[in-house]
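Written out below as structure tokens is the structure these notes cover.
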There are 2 protein chains.
Amino acid sequence: MSHEFERETLNRYLGEHNLKHTRQREIILEAFLESKGHVSSEDLYQTIRSDNPRIGYTTVYRTMKLLVEAGLAEERNFDDGVTRYEIEHEHHDHLVCTLCGKIVEFESALIEKTQSDIAERHGFNILRHRHELYGHCAACRDD
Amino acid sequence: MSHEFERETLNRYLGEHNLKHTRQREIILEAFLESKGHVSSEDLYQTIRSDNPRIGYTTVYRTMKLLVEAGLAEERNFDDGVTRYEIEHEHHDHLVCTLCGKIVEFESALIEKTQSDIAERHGFNILRHRHELYGHCAACRDD
DNA sequence: TTCGGTGCAAAAGATTTGCATATGT
DNA sequence: ACATATGCAAATCTTTTGCACCGAA
């Protein structure tokens, strides 16, 4: 899947919301799509900076929020006080290595089902959840 | 269970670590134990303030970290940028109402087991995890 | 007396906001 | 032309630190 599809989604969103298609937004979307995911606005700002010194970090922060609004990005927090973004795709949770920072995605229908049961039992209507397992990955355990 | 037990735990900890037993620490521990749990340092500071205007918020922040060290408190974060503390007790996770802020604890052996399996499958050695379900509680859904 | 503790003010770090200017449409 | 976007600086917000003074042991 090329990036064309994503870019089109953004353009449609911009059009539908009276927002302008700017060079900065294009550059930021590009950098985001090319990232491995789980990048912070600061990461993207640093990456973009070298080729585009005139771009402001404020614009990156604002644009990432916009991408979330547009449904292209999803916000994630991994307990280190930095907001990270990943390309929106099917629901999943994360394993995080606290030594090297490696992030692995996982998904469990059984856990999802159990969550629903628990929520129902407590009368809650669940809108979203966070589920993160923190520890040491195989590579780090060998050191 | 009275608070005497907890206070003794703190005193033992203080003694074992060459730390002093101060009036402030006593006041803060008292306020913490009397809270319903899931309180922030700021919450405690405000509560304590009325009776003890001379206490500094810095001391509250520092003391809460100390209580965590001592094993009396546990740190929690619920996505609103504020660190909360609860009285340390058996492991559990949380349901959070995003409308009224209500926090309900839950525990599931099935989920714990599934988590272990997933971690093992990915070669991770899990040290801790976060699992929070966000939504609307029964009371708020009725409004 | 001697360290650790406290309180204030200032610093930090991530993110947001005010505002004058620049730029899509 | 007009409304939105940008970029810089300054403001926020929560938590941490530096430092002179205080107080427990």
Side-chain angles (χ1 to χ4, degrees), chain A residues 7 10-32 38-49 51-70 73 75-85 101, chain B residues 7 10-32 38-70 73-85 101:
Chain A
R7 198 187 308 277
L10 177 63
N11 286 336
R12 175 157 27 78
Y13 180 85
L14 294 176
E16 286 168 358
H17 294 259
N18 273 100
L19 300 174
K20 294 172 183 171
H21 175 173
T22 66
R23 174 140 180 62
Q24 287 88 331
R25 286 175 177 172
E26 181 130 340
I27 291 169
I28 295 166
L29 172 63
E30 189 70 28
F32 173 58
H38 309 115
V39 284
S40 64
S41 292
E42 178 66 21
D43 290 338
L44 288 172
Y45 172 60
Q46 292 304 339
T47 302
I48 292 169
R49 215 181 201 298
D51 290 330
N52 309 272
R54 306 288 338 253
I55 209 160
Y57 60 88
T58 307
T59 303
V60 180
Y61 274 94
R62 281 191 284 229
T63 302
M64 289 317 295
K65 294 223 163 280
L66 185 115
L67 294 185
V68 171
E69 294 285 303
E75 236 182 85
R76 296 282 188 172
N77 277 83
F78 296 115
D79 275 3
D80 60 354
V82 185
T83 300
R84 270 169 243 275
Y85 296 90
Chain B
R7 197 188 307 276
L10 178 62
N11 287 336
R12 175 157 26 78
Y13 181 85
L14 293 177
E16 285 167 358
H17 293 259
N18 274 100
L19 300 174
K20 292 173 182 170
H21 176 172
T22 67
R23 174 138 180 63
Q24 286 89 331
R25 287 175 177 171
E26 182 130 338
I27 291 168
I28 295 166
L29 172 62
E30 189 69 28
F32 173 56
H38 309 116
V39 285
S40 65
S41 292
E42 179 66 21
D43 290 338
L44 288 172
Y45 173 59
Q46 293 304 339
T47 302
I48 293 170
R49 216 180 200 298
S50 43
D51 291 329
N52 310 271
R54 306 290 335 256
I55 209 159
Y57 60 87
T58 307
T59 303
V60 180
Y61 275 94
R62 280 191 285 229
T63 301
M64 291 317 294
K65 293 225 164 277
L66 187 119
L67 295 185
V68 171
E69 294 284 304
E74 198 164 338
E75 236 181 85
R76 297 280 188 175
N77 279 82
F78 296 116
D79 274 3
D80 60 354
V82 186
T83 300
R84 271 168 242 275
Y85 295 90

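The chains referred to below are lettered A, B, ... by the order of the sequence lines, with proteins before strands, and numbering in each begins at 1. Bear in mind the structure is a predicted one, so any value in this text is a computation, not a measurement.
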What integer distance in Å separates B/Asp79:CG from C/dT15:P? 13 Å
Spacing of A/His21 atom NE2 relative to D/dT6 atom C1', expressed in whole Å: 15 Å
Quick check against the 3.5 Å criterion: does A/Arg25 have a side-chain atom that pairs as donor or acceptor with the backbone of A/Lys20? yes
Short side-chain N/O contact from A/Gln24 to OP1 or OP2 of D/dG7, under 4.0 Å: yes
As a quick check of understanding, evaluate side chain to side chain contact (heavy atoms under 4.5 Å, CB included) for A/Lys65 and A/Arg62, giving each step before the final call. CA-CA 5 Å; A/Lys65 294 223 163 280; A/Arg62 281 191 284 229; 5.9 Å; no
Closer than 4.0 Å, any side-chain N/O of A/Thr58 to the OP1 or OP2 of D/dT6? no
Run the numbers on B/Arg76 and B/Tyr85 for side chain to side chain contact (heavy atoms under 4.5 Å, CB included), then give the verdict. CA-CA 6 Å; B/Arg76 297 280 188 175; B/Tyr85 295 90; over 6 Å; no
Base, sugar-phosphate, or nothing for B/Thr83, non-hydrogen atoms under 4.0 angstrom? sugar-phosphate
Return no unless some side-chain N or O of A/Thr22 is found under 4.0 Å from OP1 or OP2 of D/dT4. no
Figure out the CD1/C1' separation between B/Ile28 and C/dT6, and round it to whole Å. 10 Å
Can you check the B/Arg25 CZ to D/dA25 P distance for me, whole Å? 10 Å
Would you kindly give the CD1-to-P distance between B/Ile27 and C/dG5, to the nearest whole Å? 16 Å
Can you check side chain to side chain contact (heavy atoms under 4.5 Å, CB included) on A/Leu19 and A/Tyr13, steps first, answer last? CA-CA 8 Å; A/Leu19 300 174; A/Tyr13 180 85; 3.9 Å; yes
Which residues within residues 61-70 of chain B lie with some heavy atom under 4.0 Å of an atom in DNA chain C? B/Arg62
A/Asp80 CG to D/dT14 P, in whole Å, measures 19 Å
Rounding to 0.5 Å, atoms OG1 (B/Thr47) and CG (B/Asn52) come to a distance of 11.0 Å
Atom-pair distance (OH on A/Tyr13; P on D/dT4), nearest Å: 14 Å
Here's a test of your reading of the structure: between B/Lys20 and A/Arg23, which maps to the more 5' nucleotide of DNA chain D? A/Arg23
Between CD of B/Glu26 and C1' of C/dG5 the distance, given in whole Å, is 15 Å
